Amino acid sequence: MKEFLNNIQSKIEDRIQKDKLMHFIGGLLLSYAMFYSFWCIAIPLAFGLLKELADKYIRKGKFDIKDLFFTYIGIIPNSMVIFVQYIYG
């Protein structure tokens, strides 16, 4: 069983870049503010967009839409919990 789980973990690590994983975790952590007010969904949305704009204009890098996407999908788990609490709460 341990070998099976390690195999799955290594496949995930090979397919998802560390940078994208950090964006997902950042979106997830910032979205915890939604437990106080659903309007706080704007926090990770704004931070993700501002980070990519800073990459493009300040760091002279590129605006990576995939980074922004992974930041935004980090919001989904907390959004689902809040939605279920709203329906059944």
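Since the model is a prediction, treat every value here as computed from it, not as a measurement. FYI, side chains are in, hydrogens and waters are out, and symmetry mates aren't considered; it's all heavy atoms of this structure.
Residues L68 and I65 are in side-chain contact: their nearest non-hydrogen atoms beyond the backbone lie under 4.5 Å apart. Taking the side chain as every heavy atom from C-beta outward, K20 and D64 approach each other to under 4.5 Å. When side chains are defined from C-beta on, Y72 counts as touching L49, because their heavy atoms get closer than 4.5 Å. No side-chain heavy atom of K56 sits less than 4.5 Å from a side-chain heavy atom of K62. Residues P77 and L28 have side chains in contact (heavy-atom distance under 4.5 Å, counting atoms from C-beta outward). Residues H23 and K51 meet the side-chain proximity criterion, which asks for heavy atoms closer than 4.5 Å.
Judged purely by atom type and a 3.5 angstrom limit, S10 uses its side chain to pair as donor or acceptor with the backbone of N7. Here the side chain of E52 pairs no donor or acceptor atom with the backbone of F63 at under 3.5 angstrom.
With rounding to the nearest 0.5 Å, the separation of CD1 in I41 from CD1 in I82 is 8.0 Å. The CZ atom of F24 sits 9.5 Å away from the CG atom of L29 when rounded to the nearest 0.5 Å. Atom CG in L53 sits 12.0 Å away from atom CZ in R59 (nearest 0.5 Å). For the atom pair Q17 CD and F70 CZ, the distance stands at 8.0 Å (nearest 0.5 Å).
Contact between P44 and C40 at its shortest, heavy atoms only, is CD-O, 3.4 Å. Nearest heavy atoms, I75 versus L45: CD1-CD2, 3.6 Å. Of all the heavy atoms in S31 and G74, the pair that sits closest is OG-O, 3.9 Å.
At a threshold of 4.5 Å between side-chain heavy atoms, the hydrophobic network of Ile, Leu, Val, Met, Phe, Trp and Tyr places I73 and F83 in two separate groups. No path of Ile, Leu, Val, Met, Phe, Trp and Tyr side chains, each step under 4.5 Å between heavy atoms, connects Y88 with V81, placing them in separate hydrophobic clusters. Placement of W39 and Y36 in two distinct hydrophobic clusters is found when ILVMFWY residues are connected by side-chain heavy-atom separations under 4.5 Å, directly or transitively. Residues I76 and L21 fall within the same hydrophobic cluster, defined by Ile, Leu, Val, Met, Phe, Trp and Tyr side chains chained together at heavy-atom separations under 4.5 Å.
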Inset, instruction - Report the C-alpha distance between T71 and F47 in whole Å, list the side-chain angles of each, state the deciding distance to 0.1 Å, and finish with yes or no for side-chain contact (heavy atoms from CB on, under 4.5 Å). - result: CA-CA 9 Å; T71 302; F47 269 87; over 6 Å; no
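The local environment of CZ in F35 is crowded, with over 12 non-hydrogen atoms from other residues, nucleotides or ligands closer than 6.0 Å. The number of heavy atoms from other shown groups lying within 6.0 Å of CD (E3) does not exceed 12.
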